[in-house]
Every structure is written in C-alpha cells, then in structure tokens.
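Chain letters run A, B, ... following the sequence lines, proteins first and then strands; every chain starts at 1. What you are looking at is a predicted structure, and each value in this text was computed from that prediction instead of being measured.
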Amino acid sequence: MATTTTTKKRLETGHNAELAGIFHQMASCYRYLGAKQRFRVIAYDNASRTLNGLKDDISTYAADVKTLDKLHGVGESIASKILEYLQTGHVATFEQLKHRVPPGLLPLMDINGFGPATVKTLHRKLGISNQEEMISAIESGRLERLKGFGPKRIDNMRKGLKLFAGQHARMLLWEAMHIGNAILKEVLAIPGIKKAGLAGSLRRRKETIGDIDIVATAGKKDWKKIIGQFISLPGVERVLAGGETKASILLERNKAQVDLRLVTDREYGSALLYFTGCREHNIALRTWAKGQGWKLNEYGVFDAETDKWLAGATEEEIYQLFGMHFIPPELREERGEIDMARKGLLPRLIETKDIRGDMHVHSTWSDGTAEISEIAEYIRKSYPGYEYVVITDHSPSQRVARGLTPQEFGRQFAEIDKLNAKLGLPFVRRGVEVDILPDGSLDLSDHLLQQFDWVLASVHSNLNQDNTDRLLKACENPLVCCIGHPSGRLIGKRESYPVDWEKLIAGAVRTGTALEINSQPERLDIPDVVAKEAAAKGVMLAIGTDSHAINQFDFMTMGVSVARRGWCTKENILNTFPWKEIERFRSSKRSR
DNA sequence: GCCGTTTTCGGCCCGACTGTTTTCAGTCG
C-alpha cells in the first residue's frame, strides 16, 4: 500500500498530481453546485495548489497526521481525504459528487469562456454532458436559440474550445523571456508610454510561464490610443480583450498570450506589485495590510478608514510604508518571505554579475558544436567577468553523445594545456561529466578521475528507478565534486525520477559534494524548492549552463534565477568564488 | 472547508472586461 512505501520520495509525483487533480475536480463540482459552496471551492482549489507545489510526495507528509495538518490549506476534512486516498486509491466524497455533477462537464469548466453557470444552463436546456456534445451543439447552431447566447458569446466559446484542443502548454522561462523582452520593447515604442515593465510569473522567473504580463504608465488621455496600437502590433493573431485600461492579445509566436495593463504614474508601483503576484503572495500581503489598517490594491495603499492614498508610485515606497525590506520578485511565492521582510531578514540574493565561470560546457570532443578554443575565445570576449570555464565532456558509456575514451581525454588535456599556455593563464579547466552507472559506480577509473580539475557525475540511464542510492554512492566517491542535473527531469516532457531529497541533501553535506543547478531551460535542475532546502542545509551549489553550442552561455541567467528563487546568496554558489576556492573545496573532499 | 498579531466564529483579495442586458451576471486574473 502506498503509505508503507513512504521512503520513496519523488518530485511532482503521480500521487501529488493525481490528488491535486481530484481536489481541483471537487472544486469544479462545488462550483457547479452553486454559490452557496463558493468558499468550499476556494478551499479545495487552495489544497490542490498546495499539493502541486510540494517538493516531496504527499505520502511523506501523511506519515504523521500533524505534518499533514501543517500544510497550508489542508485542514481536518481535507487531511482525512488525503489519507483515504493514500490507503484506498480514491476519495469517496468525490465519487459521490460525480453522481450530482456529470463528470464530463468538469473539464469543460477549465475552458476559457465556460464557467459553471454556462455549463449548467447548457446541460439543463440542451442535455450537453461532455466536450464532444458541446462542440456538436455549437456547430449545429443549437445554442443560438437560447436566451443569453448571442453570436459573440458563442464565437468566444468556439475559440475557447479550439484553444483548449491545441492545449497550448506553458512556455519555458527562456523562450518567455525572449518573447516578453521583444514585446516590451514594442510597447515602450508606442507614443505616450512613459514607463513599462514585465510583471507576472515572468518577473518572478518561474520555470514555466503561462502568459506574459506588462504594466505600463501613460497619461490617461493617451490610453485609448495606446490600447488601439497595442492590439494591432505586428504578430498579433487574435485580440482576446481590449478595454479602457487593459488589453489581452494572442501572439502568433508560440501562441503566447500577452496582457497589457495601463496605470497612472502614482499607481505604477502598486500595479507592478499586484500583477507580479504570485496570487497567494498578494492575498497574504493584502490581508496583512488590512490588519494594519491599510487597504492595498493595484491603485496603491490607502488608509482603510479615510481612503486616503498613501503610497504606490514605486514598489520601494510601498515596502517602506509597510516597514519591510524590498522583496525581490523571485521570492514572492508565499514561502515565508513576508514575515522575513518584516523582520529585515531576507537574504541578499546572488546576481548574474557575481558569477566567475561556467561549470558545465561540452565541446566538439563529445556532443558540443564548438571547439574548445572557440569556446574560450567567445567567453573571454562576451563575459569579461569570467575567470574560468570548465569543459565537461561525456564519458565513454554515453555513446550517443560521443563520450571520450581515457586515451581521448589524455589528448584533450594536452589541447587544453596548450591553449592555456597560449592564453597565458589557466582559463580553461579540465572537467568531465562522468556517467553514474546503474549500480552507482562511475564510468571512468579513479586513476583517470584524479587528473581532472572538476568531476561532475550525472545519471543518464535507467531513469525510471528510485535513484537515491545511486546518487548517494556517487557522492561517497571522494573524486566526485558535484552531482549533475540531480533530478533528471525535462520540464513538460519527463518527470524527475524518484529521489529522496532529504537523504541526498544529507549525503551531499556529509561528503562535501556540491549539487548542480543545471541552466538548460528545460532542465533547471535542481528545482528551486530543492535548491532552497539544500542551500539552507549548507550544500554548495554549482551553476553550469550545460552548453552544447556557442549561443547557450547566456543560459547562466536561468540558473541564477533558480538560485535566486531558492533564496541563495552568492556564498551558496561555488562559481561565484575564484578558482582557488573551488580547488580548496575539491581537495577538502578528497582529503576527508 | 480553512484560518487566526482582531477572531475557535465569521470572515474568506478585489477590480476589469464582455455580452447582452436596460442595470448586471458571468468570467477572468
């Protein structure tokens, strides 16, 4: 039974996702059943969100009833349903709810343009009870006879269904940044715009982005014209909304949705704060402000009694009024940041400029597309703050990635030495990404591993097993400096293999092994929540781009974002230090 | 159904846009 296997911890596991899905559907049921249930809807939605955000499998929390109750949004009733699910595989209340709400209607309520009222009306009047029937009812024109269903509304529903069928997935942070910056530039060029900035999950640097939010200031007289220009920018596929103060467009590129919100100068800070979120952070901040006698909304901070405007032009002045430290957007996830900001205890987060070198780069020796000399030259030109780059090509078992034999590594060393001699400084470091074999041993001999400046050990095979012991065994090897992409996930494509993070973090601390923050946009591995815990426990982290081409070194900003979302200072990140310190880190492990 | 620097009861963020309505309900973020 699931509860007896609680030692198997996973990231974003089946348990969490499935249970979150059940609670989300239960929320939809209650939404359908009417306004009287609206607070129950909120409760189940909150519980669903909490489950989706968990670092470890829910069964690890369920081992003890108290830890389950500590989870935000989980009270007595929901806790008992979680236990029931873990023991029986289902939730009886949900099974009963399905008798009162046709189950086929639940997914419909997740579609743009379909709320509970609409779905209910169509079920009652036309007997529609699933998505297929909805589509055929719309196409056959049966909706047009109904009161309240005009042509525009029906058209909107049709578009919602089409969009949903396309399942436009969330964008990776990297591509969202590019689209966001490009569109921001165009917004800034619209006459009348004074200031504009990205908000939302993009500003918080979340690993995936749903839509792109932009907040801008302009004189009110210009608003109408600005909205008009915004919705007719080149590359706009469809206008989703276009009101007096905000507009929403769908771009051809990536089918990305972009929302623009116009405000006045003195509202800019409060609007930025509001539209940066996250939702839970906003609610917590507003609720706290309310308790202090203020009202916070996107127009500013107001005295709750007199409604007098007190602050709002900048985020800084709002935090100052609240007596808080400025909360960097990456921390606004309702993970204790408000409390820490009030106490003035927020960490001073690492910045990209603190980085002194790239810890994970592939060359043409294995599966990279650039020569080592090319890499060195490019980095020295483009990243003047860098003092080193570690070439980490693959070991022999990675045949598809043209892993190097011991002899080839010998020749690579000679090339690196020659290049460094030419440069007049040891800029290029001998590294390796050595495979951790299924039994936890390494793909290269200790004799060879000793000759590297940096040994990164990664799992590339047998991805479906629990890999905790395998990773721990690699940590135990004194020659391994760092574990590469520890979770093995590919965002949106492949979940993490099971890892007991607590055990791995403890193992990394015990053995003096670093964990990688891999900056590849679809990896971002370790994930931010794990980075936070690892850093808090004293694990050193090493950020690498895992570059396979000359244009990938900028991925470093992605890795830094993960570190920032993990509350890391530069002291937590190995490659903010000069190489001498990295050598010290390596030899201190070897001499243990 | 959850929660507490005001609370174990009585709240639960708060405002904009749309379509179809003659004043607002539904939906969204």
Side-chain angles (χ1 to χ4, degrees), chain A residues 23 26-27 29-50 68-82 93 108-122 143-144 146-157 159-160 199-201 210-213 215 223 227 231 239-248 257-263 267 270-271 273-302 304 323 334 338-339 342-343:
Chain A
F23 288 154
M26 287 180 76
C29 287
Y30 287 123
R31 198 172 271 127
Y32 184 88
L33 289 171
K36 268 194 205 153
Q37 307 288 347
R38 66 186 187 282
F39 295 115
R40 217 177 242 171
V41 171
I42 294 171
Y44 277 99
D45 267 337
N46 282 338
S48 175
R49 253 187 293 273
T50 295
L68 205 50
D69 199 48
K70 256 187 228 159
L71 293 175
H72 190 81
V74 175
E76 204 179 327
S77 167
I78 290 184
S80 76
K81 290 182 177 68
I82 293 174
T93 312
L108 272 172
M109 283 188 271
D110 290 330
I111 300 173
N112 229 293
F114 295 81
T118 305
V119 169
K120 200 169 183 172
T121 303
L122 294 176
L143 263 57
E144 289 155 31
L146 294 178
K147 192 176 164 226
F149 288 82
K152 283 190 174 173
R153 186 166 175 203
I154 293 173
D155 192 45
N156 194 42
M157 291 166 69
K159 282 171 178 162
S201 50
D211 49 34
I212 292 165
D213 296 298
V215 177
W223 285 10
I227 294 282
I231 61 176
V239 178
L240 300 167
E244 282 169 28
T245 70
K246 67 185 192 185
S248 186
Q257 183 180 327
V258 185
D259 298 337
L260 173 69
R261 176 64 187 251
L262 294 175
V263 295
E267 295 161 350
S270 43
L273 190 65
Y274 175 65
F275 287 101
T276 296
C278 73
R279 179 183 168 276
E280 288 74 17
H281 173 93
N282 281 350
I283 292 174
L285 195 62
R286 281 184 183 201
T287 307
W288 177 81
K290 196 171 164 182
Q292 307 293 310
W294 290 307
K295 185 180 76 173
L296 170 66
N297 60 25
E298 57 262 56
Y299 303 110
V301 184
F302 301 84
E334 185 54 3
I338 294 176
D339 203 36
R342 278 167 55 204
K343 294 178 182 152

Which part of the nucleic acid, if any, lies within contact of [X], taking any heavy atom under 4.0 Å across all strands shown: a base, the sugar-phosphate backbone alone, or nothing?
X      : value
A:G277 : nothing
A:G242 : sugar-phosphate
A:Q37  : nothing
A:D213 : nothing
A:R261 : sugar-phosphate
A:E76  : sugar-phosphate
A:V41  : nothing
A:F275 : nothing
A:I78  : sugar-phosphate
A:R153 : sugar-phosphate
A:L262 : nothing

For [N] and [X] - does any side-chain N or O of the residue sit under 4.0 Å from the phosphate oxygens OP1/OP2?
X      : N      : answer
A:N297 : B:dG15 : yes
A:T245 : B:dC17 : yes
A:N282 : B:dC14 : no
A:R40  : B:dG1  : yes
A:K147 : B:dT21 : no
A:S77  : B:dG1  : yes
A:T118 : B:dT27 : yes

Where the side chain of [X] is defined as all heavy atoms beyond and including C-beta, which of [options] is the nearest nucleotide?
X      : options                : result
A:P151 : B:dT20, B:dC17, B:dG15 : B:dT20
A:K290 : B:dC14, B:dA16, B:dT5  : B:dC14
A:A43  : B:dC2, B:dC12, B:dT27  : B:dC2
A:N112 : B:dA16, B:dT5, B:dC28  : B:dC28
A:H72  : B:dT5, B:dC3, B:dC12   : B:dC3

Please measure how far the [atom1] atom in [N] lies from the corresponding atom in [M], and state the result in whole Å.
N      : M      : atom1 : answer
B:dT22 : B:dC13 : P     : 31 Å
B:dG19 : B:dC12 : C1'   : 29 Å
B:dG15 : B:dC9  : C1'   : 28 Å
B:dT6  : B:dG11 : C1'   : 11 Å
B:dG29 : B:dT23 : C1'   : 24 Å
B:dC17 : B:dG10 : P     : 37 Å
B:dT7  : B:dC3  : C1'   : 9 Å
B:dT5  : B:dA16 : C1'   : 33 Å

Are the side chains of [Y] and [X] in contact, using a 4.5 Å heavy-atom criterion?
X      : Y      : value
A:L108 : A:I111 : yes
A:R153 : A:T118 : yes
A:D45  : A:R31  : yes
A:R286 : A:Y274 : yes

I need the CZ-C1' distance between A:F149 and B:dG19, as an integer number of Å. 11 Å

Length of the line joining A:N46:CG and B:dG1:C1', which is rounded to integer Å: 10 Å

Would you say A:E244 has more than 12 foreign heavy atoms packed within less than 6.0 Å of its CD? no

Identify, between A:G243 and A:R279, the residue whose nearest nucleotide on DNA chain B lies closer to the 5' end. A:R279

Closer to the 5' end of DNA chain B via nearest nucleotide, is it A:G75 or A:A117? A:G75

Ring-base stacking, A:F39 with B:dC2 (5.5 Å, 30° cut-offs): no

What does B:dT8 pair with, Watson-Crick or G-U, if both distances are under 3.5 Å? none

Quick check against the 3.5 Å criterion: does A:S48 have a side-chain atom that pairs as donor or acceptor with the backbone of A:Y44? no

Between the base of B:dG29 and the side chain of A:Y274, is there any donor-acceptor pair under 3.5 Å? yes

Are the charged groups of A:D339 and A:R342 less than 4.0 angstrom apart, N to O? yes

